[in-house]
Protein chains: 6
Amino acid sequence: MRPSGRTADQMRPVSLETGVAKHAEGSCLVKFGDTHVLCTASLDEKVPSWLKGQGKGWITAEYGMLPRSTHTRTDREAARGKQSGRTQEIQRLIGRALRSVCDLTLMGERQIRIDCDVLQADGGTRTAAISGSYVALHQCFSLMMTRKLIERNPLQTEIAAVSCGIVGTTPLLDLDYIEDSGAEVDANFVITGKGGLSEIQGTAEGAPFSEEEFLRLLRLARIGTDEIFRLQRQALGV
Amino acid sequence: MRPSGRTADQMRPVSLETGVAKHAEGSCLVKFGDTHVLCTASLDEKVPSWLKGQGKGWITAEYGMLPRSTHTRTDREAARGKQSGRTQEIQRLIGRALRSVCDLTLMGERQIRIDCDVLQADGGTRTAAISGSYVALHQCFSLMMTRKLIERNPLQTEIAAVSCGIVGTTPLLDLDYIEDSGAEVDANFVITGKGGLSEIQGTAEGAPFSEEEFLRLLRLARIGTDEIFRLQRQALGV
Amino acid sequence: MRPSGRTADQMRPVSLETGVAKHAEGSCLVKFGDTHVLCTASLDEKVPSWLKGQGKGWITAEYGMLPRSTHTRTDREAARGKQSGRTQEIQRLIGRALRSVCDLTLMGERQIRIDCDVLQADGGTRTAAISGSYVALHQCFSLMMTRKLIERNPLQTEIAAVSCGIVGTTPLLDLDYIEDSGAEVDANFVITGKGGLSEIQGTAEGAPFSEEEFLRLLRLARIGTDEIFRLQRQALGV
Amino acid sequence: MRPSGRTADQMRPVSLETGVAKHAEGSCLVKFGDTHVLCTASLDEKVPSWLKGQGKGWITAEYGMLPRSTHTRTDREAARGKQSGRTQEIQRLIGRALRSVCDLTLMGERQIRIDCDVLQADGGTRTAAISGSYVALHQCFSLMMTRKLIERNPLQTEIAAVSCGIVGTTPLLDLDYIEDSGAEVDANFVITGKGGLSEIQGTAEGAPFSEEEFLRLLRLARIGTDEIFRLQRQALGV
Amino acid sequence: MRPSGRTADQMRPVSLETGVAKHAEGSCLVKFGDTHVLCTASLDEKVPSWLKGQGKGWITAEYGMLPRSTHTRTDREAARGKQSGRTQEIQRLIGRALRSVCDLTLMGERQIRIDCDVLQADGGTRTAAISGSYVALHQCFSLMMTRKLIERNPLQTEIAAVSCGIVGTTPLLDLDYIEDSGAEVDANFVITGKGGLSEIQGTAEGAPFSEEEFLRLLRLARIGTDEIFRLQRQALGV
Amino acid sequence: MRPSGRTADQMRPVSLETGVAKHAEGSCLVKFGDTHVLCTASLDEKVPSWLKGQGKGWITAEYGMLPRSTHTRTDREAARGKQSGRTQEIQRLIGRALRSVCDLTLMGERQIRIDCDVLQADGGTRTAAISGSYVALHQCFSLMMTRKLIERNPLQTEIAAVSCGIVGTTPLLDLDYIEDSGAEVDANFVITGKGGLSEIQGTAEGAPFSEEEFLRLLRLARIGTDEIFRLQRQALGV
């Protein structure tokens, strides 16, 4: 029995609320249980200088945690004067995930900047961020279609992410903070709406793991991302 | 007639929602119309080193804006590697305001760190932050009393803040972003629940102002802070 | 009786010496008693990029303290790698004050950079800096007129600043360091040569203050700035 | 046919030269073809402060590239004033990999710092770094045994890493730079001497990939790491 | 004929004014013609941590230029967030020079921090800084003797510095800015009151120089430092 | 007798290996005994902005030490976020030395960036770096001639550097780390192939030194640089 009473293949309650940031071109407040991440999409009418003149766009992401989103207060990165390695690793992951389902040539020479800010953290912030960012990005593209900036939505399919892990010897879906702290193996899966793998990461926190164990985690992940895809479509009304 | 349809001495709808951050010792989501600030209070069982051994506590504050809380996206301070002068000015103001109504000798040698993060900005973020921080701080002290860390609440009275300004020639209460952008004079007032002045700041954005004009702004400010005091008491159930 | 033997409404000896920096387009060594600030004006033949093409100029200011200008040595900001919040707050204040009496459209697309460096500190450095910067700026504009860069002096009137405070229960003009350290209320007033208010700031260091107390401080401030205006005119020979 | 003439499951020539840094407690110059990484192990007689008093040790890693190790010169991170996200991601990975095969309780309260500096880069620098660091670390532990600091070597088994990828539709082992630049899928595998998985990472650079494709990459990786294990034992004479 | 009308072996007018910084334990405003440097000595009752417990003291120096001390304005290092290589080179030189004539074991475990701030620059700021710092340091030690902190003055002899150079083919003493800008060879000499060499630096800005040329510069330097020693003794009344 | 068994005027074994960095336009691994420095030359087809349009080129240098090149590990400058004063001093010296023998007008508007990275340190790293950089730079120019970018090699003669010092009372050539640590006087000489002096630096670490002592060091230096010139020509086959 998991601390939350969930079964091994059960997600926490997931919600995706749109229209939560008045000024942003797209926004989504995503909740995986007590993990809450505010995702916004900001349209910029020019691409980074290294991409100029190639007739395509770019999507990039930034990630941050509010200082007291965590159990004990975390120092503010702006006050410390730099972003941690973990922050940079996560924001690079989010950007890659979104670009992997987007046809950048349909965007024109524009950049969309995704901001994922964790309001409350209880494990799985990066996977929630990816899942919510997809919704914010989709809305941004819809707005661009309404404004006749683009003709078609450049997103080719959904993208969602979920963490899985082995606690004791049990593979579990969507770890919360307590489970994550004691996990032997910790893995993140980024999966597309068509079932393709965009990114997989597995780390032995304790003993190394076997191929079979890893495949069981992947199977759990698919259960989770299928549920998220359904909720993404519902949130977007598509 | 103001763009929002308000009268000159009318606040935007103000709300103070408590218990919004699961991990924090105190928290409040304050809204002044479309300006939304999440305030948390984090208890730290030791004081800064320069205060050690003096038998009293300390309250400090940090302030930040989510990148897309603003009309156009603002660069993330953590990514730029430093906090702007404006940010530092505001967080120093919030700290001073809260300390001005708190008997620090009743806290023991502890520090409370206030975090004010702007989720959405539409003018008056610093005054909303002060008004909401008071509620988060009060809750933190209540929890400390429950835990028998302190005997009495060190807060001596309420503290609230509001901005006023002269637009054209008309003095107005609680400017929103559009009004603020075009104001001739911009002022912030931090007032205690007993009517004392904790901090006043007035700046001529265009032509200099007169003593009489400034006193009219102060009168408007008292109307606003009186309303906020009432809502603070209501939110705290005191 | 004040430590210095001054009456409550008496300034410290004020002097404004011009022509103290060989290379600068304008310069003034301002002394408020033992507070000495070297102010220079540097002409730059282009405006910041955000202002280009608008047909007007800009005035900005930087502020610094020599490490041993203070009672005990203060770490050098260049060595620490960043400017403190206090420094940024002060330099923003100086810039706003000077711009408030200057018609920027008469400058052409040029920038003047004011540097205020505290050689010796004994309270009131920011108000001395504003009062001295006015003189340096005026000289810079005079030189520009001599060089036929501009036709008229863009300064519309004088600008001066002074601090006031309540020590014990006594309102005092132009606090020195000892008085400032023990003041209940600390206020800075930036006033134009025509009597208008450019900026006012009042802070309760201890107990909150009343409207009446604040108005008494303002009255003291006008006595101080009137004297400074006279000395500014004398220094500039106008 | 690969540009280098290798077969799909063929590593580049791998060499592990020990004793290359006179001052270090352990060192190894690892070469995967034209990728050359200098790995050193430095013994520190105290642990980081957060680990004090727990009776165990710590292993951490830092990674850097010489500016002209790359095809075109890369700016020096020391000159830019910060380490890139990529650098931080890699050094965290190296540290995790080494700790995953080490019984930290056998080290005593000591820290070993691994430095991996890329002298020449041609793809796969992070996997070479892990494979070479193992040798440097092993030597450091051997020296500690000689000096009677520890009784047994805390390393439980070997650790090695290799990259694999899909170029066109062909899965390939140990990509060099040219192959890596055009790969559809890029994956890194960190595997222990007993066959366990310590870390796996797979990223779709172009189209998403399938589970089957990923398993074929894993199979190739095991061919590579088996060869590296053999060379590691040979280099260490165990 | 030199631009200033000086002969080849003639110093600019040198002055050393003491007691110029109210708060400092020692101070000296040194002028080499239009080069003006304010030097202060600050006593710190503890040594840097790496020197603790060795029963001796330390002297260190910092150097800075006011932004408009130079012909055109130089960016403020505090605003740029780091000290230039030139600044660091100079402050290391000043510290070495002063330590070379001081018996650090007579200081007790104390540190003296020298600050050299250039108020106006016209060539030779580093040599003026060394020459003036000696006076500030001497005064600091005198004060420490008065306060019975030390018994004897730890300074063993004077220390002074001067720049020389070859302009065209003519060796010149004490270059001003114009001469320095066009010099073929630029050299700095730090010499003790007993005639010993503490530091010599010679750099070919254009064509390399010969041993003979270098020795002629050294001879000029001795003329200059002899004059400075005389003025130092006069300023200190010893 | 020196610790290494060398005579007073004997260099350590010097070697200059070329072609050691596959990607660089020129490269040299220079060894002065156990001091090993990897020098690369990188051609950049544009000059720094301040030199544009003047029809000449530029040579600049950067210097770094691998963390465990030293006896005990030195913190990585990239991790600390800034280069030390020593590093900046050295890289400025290397750049000046190379430019002093190069006719920059023969380069066209191009920049060559020299990187000197210390793989192993045992005293004299900066002098080895200069001596090796000359070889890397020469190769870069040869390649540019082969590619018809320039017609003649802009280098006018060789440049080499060596350190000398007084240990006890004995002047010694080419100090190694142990000798350097205990030297009374430490000097660096940068000399051209035609015998001219490009840069000389002498520092009293203990007692000041005399002119005669300095001249004896210079004589030793010429013995060392003559040997290096011979080896440079041999390495370059000229």
Side-chain angles (χ1 to χ4, degrees), chain A residues 60-63 80-97 99-101 103-104 156-159 166 184-219 221-222, chain D residues 60-63 80-97 99-101 103-104 156-159 166 184-219 221-222:
Chain A
T60 187
E62 293 191 7
Y63 170 93
R80 269 188 298 155
K82 65 175 184 173
Q83 294 180 300
S84 71
R86 176 185 173 276
T87 291
Q88 294 192 61
E89 205 170 307
I90 292 174
Q91 58 197 16
R92 284 153 55 93
L93 172 65
I94 299 169
R96 277 199 307 272
R99 290 192 300 270
S100 77
V101 288
D103 184 341
L104 300 172
Q156 308 296 297
T157 180
E158 293 83 11
I159 190 96
I166 300 178
E184 294 293 308
V185 180
D186 185 20
N188 293 296
F189 298 90
V190 185
I191 301 181
T192 76
K194 293 175 179 160
L197 300 170
S198 168
E199 179 123 5
I200 61 183
Q201 299 177 335
T203 304
E205 303 289 347
F209 53 95
S210 70
E211 196 170 320
E212 293 67 37
E213 286 173 319
F214 190 69
L215 291 176
R216 288 181 59 191
L217 295 180
L218 173 52
R219 238 141 274 155
R222 288 191 184 281
Chain D
T60 186
E62 293 191 7
Y63 170 95
R80 270 189 296 154
K82 65 174 185 175
Q83 296 180 298
S84 71
R86 177 185 172 276
T87 291
Q88 294 192 59
E89 204 169 307
I90 291 175
Q91 57 197 17
R92 285 154 55 91
L93 172 65
I94 299 169
R96 277 199 307 271
R99 290 191 301 270
S100 78
V101 289
D103 183 342
L104 301 172
Q156 309 294 297
T157 181
E158 291 84 10
I159 190 96
I166 300 178
E184 294 292 310
V185 180
D186 185 19
N188 292 296
F189 297 90
V190 185
I191 301 182
T192 76
K194 294 175 179 159
L197 301 171
S198 169
E199 179 123 5
I200 59 183
Q201 299 177 335
T203 303
E205 303 290 345
F209 53 95
S210 70
E211 196 170 318
E212 293 66 38
E213 287 172 319
F214 190 69
L215 290 176
R216 288 181 59 189
L217 296 180
L218 172 52
R219 236 142 276 156
R222 288 191 183 281

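These values consider heavy atoms only, across backbone and side chains, with no hydrogens, waters or symmetry-generated copies. Letters A, B, ... mirror the listed sequences (proteins, then strands); counts begin at 1. What you are looking at is a predicted structure, and each value in this text was computed from that prediction instead of being measured.
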**Study point:** More than 12 heavy atoms of other groups within 6.0 Å of D:Arg222 CZ
**Key:**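 Counting neighbours around CZ of D:Arg222, more than 12 heavy atoms of other residues, nucleotides or ligands fall under 6.0 Å, so yes.
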Study note, to complete from the structure: With sequence neighbours left out, the residues meeting salt bridge (charged side-chain N to carboxylate O under 4.0 Å, His left out) with D:Glu89 are A:Arg92
Practice item. Return the option, out of D:Gly85, D:Ala204, D:Pro208, D:Gly202, with the maximum number of heavy-atom pairs under 4.5 Å with chain A. Key: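 Heavy-atom pairs under 4.5 Å are most numerous for D:Gly202.
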Exercise for review: May I ask you to name which of D:Arg86, D:Gln201, D:Lys82 has the most heavy-atom pairs under 4.5 Å with chain A?
Suggested key: D:Arg86
Exercise for review: Would you please go through residues 191-200 of chain D and name the residues with a non-hydrogen atom below 4.5 Å from one of chain A, in numerical order?
Suggested key: D:Thr192, D:Gly196, D:Leu197, D:Ser198, D:Glu199, D:Ile200
Exercise for review: Pick one of side chain, backbone, both or neither for D:Thr87, based on which atoms fall under 4.5 Å of a heavy atom in chain A.
Suggested key: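 Neither part; nothing is under 4.5 Å.
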**Study point:** Approximate separation, where rounding is to 0.5 Å, of D:Gln88 CD and A:Gln83 CD
**Key:** 9.5 Å
